[in-house]
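What you see is a predicted model; the values in this text were computed from it and never measured.
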Amino acid sequence: MNAEPWVTAIDVARHLGVVKDTVYRWRERKGLPAHKIGRLWKFQLSEVDEWVRAGGADEDCSASAEQNNENNV
């Protein structure tokens, strides 16, 4: 069995070329796959890559809905 290592948000950010805050925002608002281990969020790059390929990081109507929610607060 080839166990894939768990990585941090910083590792995911480097992998995707974004900042760490974006990784956490995508986890909260767009469903970026993550697993809480104790107090820490850990990721598997294969799940992250699949999420990106499925359009999870796309700027679409969910971004517009997000802005509308923020404007209504």
Side-chain angles (χ1 to χ4, degrees):
M1 180 175 164
N2 186 12
E4 180 179 352
W6 294 96
V7 299
T8 67
I10 293 170
D11 297 322
V12 173
R14 280 190 204 120
H15 180 70
L16 297 177
V18 298
V19 295
K20 179 179 68 170
D21 290 342
T22 299
V23 173
Y24 285 122
R25 188 176 324 108
W26 284 347
R27 182 195 56 80
E28 288 177 19
R29 299 180 184 173
K30 292 188 165 216
L32 176 67
H35 305 271
K36 196 161 189 179
I37 301 173
R39 298 177 336 182
L40 304 174
W41 286 99
K42 295 291 185 167
F43 305 82
Q44 290 197 313
L45 293 179
S46 63
E47 293 179 349
V48 171
D49 288 342
E50 185 177 321
W51 177 81
V52 169
R53 286 187 188 99
D58 288 350
E59 298 268 339
D60 60 3
C61 58
S62 68
S64 298
E66 212 174 273
Q67 285 179 342
N68 289 337
N69 287 339
E70 289 174 3
N71 291 337
N72 292 330
V73 174

Looking at every non-hydrogen atom in both residues, tell me the closest pair between Phe43 and Trp41 and how far apart they are. CE1-O, 3.8 Å

Go through the structure and list residues passing salt bridge (charged side-chain N to carboxylate O under 4.0 Å, His left out) with Arg27, not counting sequence neighbours. none

Which other residues end up in the same hydrophobic cluster as Trp6, if Ile, Leu, Val, Met, Phe, Trp and Tyr are linked when side-chain heavy atoms come under 4.5 Å apart? Ile37

Would you say Ser46 and Asp49 are linked by a side-chain donor-acceptor pair, where the criterion is simply a distance under 3.5 Å? no

Minimum-distance pair of heavy atoms, taken over all atoms of Ala9 and Lys20: CB-CG, 4.0 Å

Side-chain donor or acceptor of Lys42 paired with backbone N/O of Pro5 under 3.5 Å: no

Any idea which heavy atoms bring Glu47 and His35 closest together, and the distance? OE1-NE2, 2.9 Å

Rounded to the nearest 0.5 Å, what's the gap from CG on Leu32 to CZ on Arg25? Could you check? 12.0 Å

Please test Leu40 against Thr8 for side-chain contact (heavy atoms from CB on, under 4.5 Å), starting from the C-alpha separation and ending with a verdict. CA-CA 8 Å; Leu40 304 174; Thr8 67; over 6 Å; no

Less than 4.5 Å apart, side chain to side chain, heavy atoms only: is that true for Leu45 and Val7? yes

Consider only side-chain heavy atoms of I, L, V, M, F, W and Y, link residues closer than 4.5 Å, and tell whether Ile10 and Val12 are in one cluster. no

Nearest 0.5 Å please: distance from the CG atom of Asp11 over to the CD atom of Gln44. 12.5 Å

